[in-house]
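The next block holds one structure in the form of structure tokens; read it before the comments.
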Amino acid sequence: MLLRVMRAWGKADIAHKMCKLRVGFVPNKRSSTWLLLIVIYFLVHALIRTSLGWTLTPDEQAIMRDAQTFAWLYDGEMPLYAWLQCAVFDAFGQTVLSLTILKNAIMLLLCLSIFTLVERVANPTYALAATVSLLFVPQIAWTSQHGLTSPVLATLFAATTLLSFSRLSEHQSPLRYGVLGAMIGLGAISSAAFLLIPVALIPAALMSNYFRRVILNRWFLLSIFIAVMLAVLPYYHLSSLKPQIVPDLSEIYPLTFDLVMTRAIGMYGALQTMLTFSSLLIVGAAVTVYSGLGRNQPINNETIALRELLLRIFCIGLLMIFAFTFVNGGGWTTQANLQPLLFLAAPALALYLFPAMSTKTHRNAITVAGVIAIAVLVVTPAYYSFGGKAETSNKQASALGYLN
């Protein structure tokens with residue numbers, strides 16, 4: 001009996017290793033090459049942006065103004081990005097280089113976090129697919145690179161929160177729970193929209209046999225404590241500035257037909273925002289399904305658990321958005337505010353589609369993502385030379401005044 005158990009265990013271990021090593025076309029030894037290419041991509045972005053000089057986008061103008069002083073809030077927004085930018089200004093001066101260093105460092109860390117999150121439980125091919133799938137989201141591939149501040153940082157901490165959480169499924173220790181709490185707390189003071197992630201993560205993990213024990217461990221209280229300690233002061237000031245940050249349920253009682261129709265229109269607007277955010281991702285997935293499915297490849301239990309967790313967080317977050325929109329109206333449901341949640345659709349979809357693709361289709365999908373990346377690099381100089389100047393001509397003088 002013992003011999004049978006040992007043989008079965010050995011076969012399972014071999015199958016697990018085969019899932020990690022043989023699937024796809026990217027060997028483990030080449031994962032470092034792909035990581036290097038990702039680093040080079042953002043270095044080229046930084047070089048292009050720095051060489052184009054002082055054509056500031058509105059978001060760059062705002063952060064140039066805000067990062068001059070320390071504050072708990074900036075125009076009612078969370079402060080972490082401005083704090084980090086202020087530190088980079090102190091190190092490199094108040095220059096375009098400083099703006100570019102911080103933005104591209106955040107984008108690079110986001111990609112590396114997604115790559116690491118997936119490669120830990122799968123293989124380099126799936127990790128690369130999950131990472132380059134972000135390029136199929138225009139809000140990340142283009143808008144985050146050329147505009148936005150806090151939503152990009154909140155998206156990074158959404159990724160690092162999931163990475164920290166997934167590591168706890170392997171080994172639970174106070175240190176790892178402390179890191180998880182730090183990621184949640186820092187995400188919370190990056191953008192209030194980040195709060196969708198931890199609130200959706202808890203029920204999503206409780207529904208998973210693989211991740212449930214992470215939540216039920218008593219050390220999870222340490223994560224909550226650290227997160228609260230990091231976020232308490234900015235949110236205290238936010239509550240002073242906006243006393244009613246919690247939705248007022250009395251606004252929808254009693255329900256009337258006109259009220260329901262008005263709020264339904266707001267929910268429809270939120271749906272339009274979501275579809276616009278993920279339009280290219282949806283089209284790319286449709287083309288992939290049409291052209292490349294039909295050859296199922298092995299996938300291990302850890303990868304299945306991760307993709308189900310991502311999908312559950314995404315779905316629970318969407319339900320929360322619709323509920324909040326119905327109660328409080330839809331004015332806050334912009335693409336930027338929803339980015340820390342909606343970006344999860346890209347790696348989740350990649351983990352669902354890639355195991356059902358042939359190796360040739362893997363290459364084709366990643367090639368298309370590469371074409372998108374190159375197109376963004378090519379268009380960037382024209383944007384800052386022409387479109388960016390037209391967009392910011394009436395504001396640039398005041399922004400540059402802060403450099404004197």
Side-chain angles (χ1 to χ4, degrees), residues 58-59 62 73 75-78 136-144 147-152 154-155 158 187-188 190-207 235 238-286 289 308-346 348-349 352 391:
D59 294 289
L73 295 173
D75 295 327
E77 300 296 331
M78 291 293 107
F136 286 91
V137 181
Q139 182 78 3
I140 294 178
W142 176 262
T143 309
S144 291
L148 302 182
T149 51
S150 295
V152 186
T155 304
S190 300
S191 171
F194 168 85
L195 294 177
L196 285 169
I197 296 297
V199 174
L201 174 61
I202 293 175
L206 289 174
M207 290 188 286
Y235 281 90
L238 180 63
S239 65
S240 301
L241 182 65
K242 302 177 181 179
Q244 200 163 1
I245 59 176
V246 178
D248 186 2
L249 296 179
S250 64
E251 293 183 1
I252 61 170
Y253 182 82
L255 285 176
T256 63
F257 178 78
D258 291 340
L259 177 62
V260 171
M261 291 303 297
T262 300
R263 297 306 169 89
I265 292 173
M267 295 171 67
Y268 177 71
L271 178 61
Q272 284 183 311
T273 301
M274 296 172 193
L275 292 176
T276 302
F277 184 97
S278 56
S279 57
L280 184 58
L281 181 64
I282 294 171
V283 172
V289 169
E308 289 180 351
L309 179 70
L310 294 178
L311 185 61
R312 284 170 177 159
I313 293 172
F314 182 75
C315 292
I316 292 171
L318 291 186
L319 292 176
M320 292 167 53
I321 290 170
F322 285 125
F324 189 84
T325 302
F326 183 81
V327 173
N328 209 47
W332 66 280
T333 52
T334 63
Q335 291 188 38
N337 286 338
L338 299 183
Q339 180 172 313
L341 173 71
L342 296 186
F343 93 101
L344 291 178
L349 192 58
Y352 267 91
E391 184 180 12

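- Looking at every heavy atom in both residues, Ser150 comes nearest to Ser190 through CB-O, 3.2 Å.
- Side-chain N or O atoms of Ser278 include none that pairs as donor or acceptor with a backbone N or O of Leu281 at under 3.5 Å.
- With Tyr235 contributing its side chain and Ala188 its backbone, the two residues share a donor-acceptor pair below 3.5 Å.
- No hydrogens or angles considered: nothing links the side chains of Thr143 and Gln335 as a donor-acceptor pair under 3.5 Å.
- Counting all heavy atoms, side chain and backbone alike, Ile197 lies closest to Pro340 at CD1-O, 3.2 Å.
- You'll find the side chain of Phe136 stays beyond 4.5 Å of the side chain of Val283, heavy atoms only.
- In this structure the side chain of Leu349 never reaches within 4.5 angstrom of the side chain of Ile282, judged on heavy atoms.
- Separation of atoms CZ (Phe343) and OG (Ser144) is listed at 10.5 Å; rounding is to 0.5 Å.
- Looking at heavy atoms from C-beta onward, Asn337 lies out of side-chain contact with Thr333 at the 4.5 angstrom threshold.
- Heavy atoms only, all atoms of each residue included: Ala204 and Ile313 are closest at CB-CG1, 3.7 Å.
- Across Thr325 and Ala270, no two heavy atoms sit closer than the pair OG1-CB, 4.2 Å.
- Counting only heavy atoms from C-beta outward, the side chains of Leu148 and Gln139 approach each other to under 4.5 Å.
- Distance check, rounded to the nearest 0.5 Å: CG of Leu344 to OG1 of Thr155 gives 9.0 Å.
- For Phe314 against Leu341, the heavy-atom pair with the smallest separation is CD1-O, 3.9 Å.
- A distance of 10.5 Å separates CG of Leu206 from CZ of Arg312, quoted to the nearest 0.5 Å.
- A distance of 4.0 Å separates CE in Met274 from CD1 in Ile321, rounded to the nearest 0.5 Å.
- Ala154 approaches Ser191 most closely through the heavy-atom pair CB-CB, 3.7 Å.
- The CG atom of Leu280 lies 12.0 Å from the CD1 atom of Ile140; values are rounded to the nearest 0.5 Å.
- Taken from CG in Leu196 to CG in Leu201, the straight-line distance is 12.0 Å, to the nearest 0.5 Å.
- The shortest distance between side-chain heavy atoms of Thr334 and Thr273 does not fall below 4.5 Å.
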